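Please read these numbers as outputs of a predicted model, since none were measured by experiment.
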Amino acid sequence: MKQNELELLKEKIIDYVVDCGHNGDEHIDTCIDLDETQKNTPSASVEGYLRVDGYVEDDFHCGYMNGTGAFVVTSVSVSLNISVYDENDEEVDIDEYEIESAIESCLY
């Protein structure tokens with residue numbers, strides 16, 4: 001697997017899990033293909049969980065009246081088991097911690 005393919009696959013994994021966080025999905029169990037239009041393409045099996053905790057900003061109770069009503073994230077917990085395979089279904093090493101950290105950064 002080429003390095004640029006691995007980086008693109010990492011980005012797809014991060015985007016998918018961040019979207020799950022925005023949608024309130026906690027349990028993750030999916031297969032992500034680098035190119036959905038090809039049969040033999042690098043892919044990743046992603047399993048685990050994502051928890052995003054926070055609160056909705058509501059300044060009407062505090063009297064400031066300048067609240068946006070936005071969801072304020074107070075904590076993010078990510079635990080993923082990621083298996084990456086090249087176009088020949090050979091397993092490729094990947095830094096799961098790097099991906100989990102990127103996901104946390106995107107959700108804060």
Side-chain angles (χ1 to χ4, degrees):
M1 175 184 292
K2 298 175 188 166
Q3 186 63 31
N4 65 332
E5 290 177 328
L6 183 59
E7 293 303 318
L8 289 171
L9 190 56
K10 285 181 188 178
E11 288 178 26
K12 286 188 85 167
I13 294 167
I14 292 167
D15 289 344
Y16 177 84
V17 177
V18 167
D19 285 344
C20 288
H22 288 153
N23 294 331
D25 301 331
E26 288 189 357
H27 300 286
I28 298 166
D29 186 6
T30 190
C31 183
I32 299 173
D33 292 326
L34 183 60
D35 185 355
E36 293 86 11
T37 63
Q38 294 184 357
K39 194 159 183 90
N40 294 330
T41 185
S43 62
S45 173
V46 183
E47 297 177 341
Y49 72 87
L50 166 70
R51 291 192 183 95
V52 179
D53 292 320
Y55 62 92
V56 175
E57 189 177 56
D58 184 8
D59 282 342
F60 293 113
H61 296 287
C62 299
Y64 296 115
M65 306 304 267
N66 62 356
T68 61
F71 184 76
V72 178
V73 175
T74 57
S75 69
V76 177
S77 178
V78 182
S79 179
L80 299 175
N81 182 15
I82 304 170
S83 300
V84 175
Y85 303 95
D86 66 10
E87 59 277 353
N88 299 318
D89 283 336
E90 298 289 326
E91 194 161 0
V92 176
D93 288 332
I94 192 164
D95 186 358
E96 292 173 353
Y97 179 75
E98 174 190 0
I99 293 174
E100 290 173 352
S101 295
I103 292 165
E104 288 176 2
S105 294
C106 288
L107 289 171
Y108 271 112

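Side chain of Asn88 to main chain of Glu90: no donor-acceptor pair is present (N/O by atom type, distance under 3.5 Å, no hydrogens or angles). With Thr41 contributing its side chain and Asp35 its backbone, the two residues share a donor-acceptor pair below 3.5 Å.
Taking both residues in full, the closest heavy atoms of Val18 and Cys106 are given as CG2-CB, 3.6 Å, listed atom of the first, atom of the second, then distance. In this structure, Glu100 and Leu80 approach most closely via the heavy-atom pair OE2-N, 2.8 Å. Closest heavy-atom contact between Val84 and Ala44: CG2-CB, 4.1 Å. Closest of all the heavy-atom pairs between Ile82 and Glu96 is N-OE2, 2.8 Å.
Taken together through direct or relayed side-chain contacts under 4.5 Å among Ile, Leu, Val, Met, Phe, Trp and Tyr, Ile13 and Tyr49 form parts of separate hydrophobic clusters. Criterion: ILVMFWY side-chain heavy atoms under 4.5 Å apart, direct or through other members. Under it, Ile14 and Leu8 are part of a common hydrophobic cluster. Grouping the Ile, Leu, Val, Met, Phe, Trp and Tyr side chains by contacts below 4.5 angstrom, directly or via other members, places Ile103 with Phe71. Under the 4.5 Å side-chain heavy-atom criterion for ILVMFWY residues, no single connected hydrophobic cluster contains both Ile99 and Tyr85. By the criterion of side-chain heavy atoms lying less than 4.5 angstrom apart, applied directly or through intervening Ile, Leu, Val, Met, Phe, Trp or Tyr residues, Tyr108 is not grouped with Tyr97; the two fall into different hydrophobic clusters.
Atom CG in Leu34 sits 7.0 Å away from atom CE in Met1 (nearest 0.5 Å). Between Asn81 atom CG and Ser45 atom OG the span is 7.5 Å, to the nearest 0.5 Å. Note that NE2 of His27 is 15.0 Å distant from OG1 of Thr30, once rounded to the nearest 0.5 Å. Between the OG atom in Ser77 and the CG atom in Leu107 there is a gap of 11.5 Å [rounded to 0.5 Å].
Within the 4.5 Å cutoff, the side chain of Val46 has no heavy atoms near those of the Tyr16 side chain. With contacts defined as side-chain heavy-atom distances shorter than 4.5 Å, the pair Val52/Glu26 does not qualify. A 4.5 Å side-chain heavy-atom check between Leu9 and Ile32 finds at least one atom pair inside the cut-off. The side-chain heavy atoms of Glu5 and Glu87, taken from C-beta on, include a pair separated by under 4.5 Å.
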Show, in sequence, the C-alpha distance, side-chain angles and deciding distance for Leu50 and Val76, and conclude whether the side chain to side chain contact (heavy atoms under 4.5 Å, CB included) test is met. CA-CA 7 Å; Leu50 166 70; Val76 177; 4.1 Å; yes
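Summarising the local packing, CG of Asp93 is surrounded by 12 or fewer heavy atoms from other residues, nucleotides or ligands at distances under 6.0 Å.
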